[in-house]
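Notes follow once the structure below has been shown.
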Amino acid sequence: QVQLVESGGGLVQAGGSLRLSCAASGRTFSIYTMGWFRQAPGKEREFVAHINWSAGSTYYADSVKARFTISRDNAKNTVYLQMNSLKPEDTDVYYCAAAFGRVLLTSHLQYNYWGQGTQVTVSS
């Protein structure tokens, strides 16, 4: 089992920044990738970014590239999502997730464990 706890969401004006954190515990040695997804009511969960737990390689959705940065601190078992130049369309519930597998990591279906989600609201 892996437990994930997110923090750092909130309300920010357009153009502002937020940093989300996701603390992992439990079987963290089995994690291959950590990802961030977001979801609006009635919509499918959307990929944002992922990071390889050991190597640190990253991948981003086109919609957030150059604005968001995913990083990890292995000593703290924590993954971060730094979000800059926020836009109203970034408003969503953001979830972190842990994947044991190694393929199709932009699909939420490939992730084994999920955090509870944190609300990000960007006002115009």
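These values consider heavy atoms only, across backbone and side chains, with no hydrogens, waters or symmetry-generated copies. The structure presented is a predicted model; accordingly, all values stated were derived computationally and were not measured.
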May I ask you to test the [X]-[Y] pair for a side-chain heavy-atom distance under 4.5 Å?
X	Y	answer
V93	T118	no
L4	M34	yes
Q39	D92	no
E46	H108	no
V120	L18	yes
R38	S63	yes

[X] side chain to [Y] main-chain N or O, any donor-acceptor pair under 3.5 Å?
X	Y	answer
S30	T28	no
N77	S25	no
T91	T121	no
R72	W53	yes
E6	C96	yes
R67	S85	yes

Report the distance from atom [atom1] of [X] to atom [atom2] of [Y], rounding to the nearest 0.5 Å.
X	Y	atom1	atom2	answer
N74	S54	CG	OG	8.0 Å
L109	L104	CG	CG	9.0 Å
H50	Q110	NE2	CD	11.0 Å
K65	Y59	NZ	OH	6.0 Å

Mind checking whether [X] and [Y] sit in one hydrophobic cluster, side chains of I, L, V, M, F, W, Y counted as touching below 4.5 Å?
X	Y	answer
Y95	I70	no
W114	Y32	yes
L105	V64	no
M83	V12	yes
Y94	F47	no

Run the side-chain hydrogen bond (donor to acceptor under 3.5 Å, both in side chains) check on N52 and T33 step by step: do they pass? CA-CA 4 Å; N52 181 280; T33 294; 4.6 Å; no
Is it true that, when you exclude Q13 itself, more than 12 heavy atoms of the residues, nucleotides or ligands shown sit nearer than 6.0 Å to its CD? no
Measuring centre to centre across the rings, with the benzene-like ring taken for any Trp, is [X] within less than 6.0 Å of [Y]?
X	Y	result
F37	Y111	yes
F100	Y113	yes
F68	W36	no

Between D90 and K87 (salt bridge meaning N to carboxylate O under 4.0 Å), is one present in this structure?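 So D90 does not pair with K87 through a salt bridge.
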Side chain to side chain contact (heavy atoms under 4.5 Å, CB included) partners for S71, two or more places apart: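 By the side chain to side chain contact (heavy atoms under 4.5 Å, CB included) rule, S71 matches Y80.
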